[in-house]
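Keep in mind that this is a model prediction, so the values were computed, not measured. Just follow the structure's listing: the first ligand is 1, and inside any ligand the first atom is 1. Both backbone and side-chain heavy atoms feed into the values below; hydrogens, waters and symmetry mates do not.
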Amino acid sequence: MIFRKGKTELEKMRRANLIVAEVLDHLSRLVKPGVSTKELDEVAEELIRKSGGLPSFKGYQGFPASVCASVNEEVVHGIPRRDKILCEGDILAVDVGVQFEGYHGDSARTFPVGQISDELSKLLEVTKESLYEGIREVKVGTRVSDVSAAIQAHVEAYGFSIVREFVGHGIGKSLHEEPQVPNYGTPGRGPRLREGMVLAIEPMVNLGGPGVKVLADNWTAVTIDGQCSAHFEHSVAVTDNGPWILSEPS
Ligand code: MG
Ligand code: MG
């Protein structure tokens, strides 16, 4: 069942996502060598609650923190830790979820820590671009896999690889709703996009091979080859005028 949202619901989702964007903006200024991912999590939780929201991830299936913080070879779902200290040249993916008046917002960005290599800069740039390539396909009448295929084509043109094990998703009253939105696939498949659907589109892109595994903490996903991975995500509504990126302030 794919839930479509009306105007009032979309306005609430916009509010939730604008809090998410504000948190990511704020964290972007704090990311630097010597900072722990736990410190960033604490700042994020305080800002979310001060804004009238709730951290969607905290307690979700037992997740112990307010944001996911994934460093270097960590792909997604990294647990913020006091002893995870950022170093010059690292990359840090931060994923933020906020519930506001019963609706969720969800967005992620990958930040450079100090100066990063040209190769990692390219990985971040291409991953972000691929998200926008996917978003361009968000309009009434296209199919979910048109989004997927656009992301995959962009990423693979640069020789990077797409993670298969984790996918984007519908979002609304629940953090994860139907449909699933893979970041790979053949165009013209899957549900047709209709007005009022909201998709969290979130390419996860690896520098090396596509393989990932989950660590013994049962959360942190890492690349099997130990190479770096990047993640960008926006929550996007389907409107008659095309995509409305709820998690991007206009
Ligand atoms: Mg997310
Ligand atoms: Mg998501």
| field | 2.8 Å cut-off met by an N, O or S atom of Asp95 to the Mg ion (ligand 2) | value | no

| message | Return the CD to OG distance between Glu125 and Ser130, rounded to the nearest 0.5 Å. | response | 11.5 Å

| field | the Mg ion (ligand 2) to nearest N/O/S of His169 less than 2.8 Å | value | yes

| task | Verify the distance criterion only: is there a donor paired with an acceptor across the side chains of Tyr132 and His154 at less than 3.5 Å? | result | no

| query | Got a sec: does the NZ of Lys128 have more than 12 other heavy atoms crowding it under 6.0 Å? | reply | no

| Nearest to the Mg ion (ligand 2) - the N/O/S atom of Asp106, by atom name | OD2

| message | Show, in sequence, the C-alpha distance, side-chain angles and deciding distance for Phe57 and His104, and conclude whether the ring-ring contact (aromatic ring centres under 6.0 Å, His included) test is met. | response | CA-CA 10 Å; Phe57 301 163; His104 293 272; 8.8 Å; no

| task | Considering just N/O/S atoms, say which atom of Glu233 is closest to the Mg ion (ligand 2). | result | OE2

| Phe63/His77 under ring-ring contact (aromatic ring centres under 6.0 Å, His included): CA gap, chis, key distance, verdict | CA-CA 9 Å; Phe63 190 76; His77 305 160; 7.3 Å; no

| said: For N/O/S atoms only: which one belongs to Glu202 and is nearest the Mg ion (ligand 2)? | reply: OE2

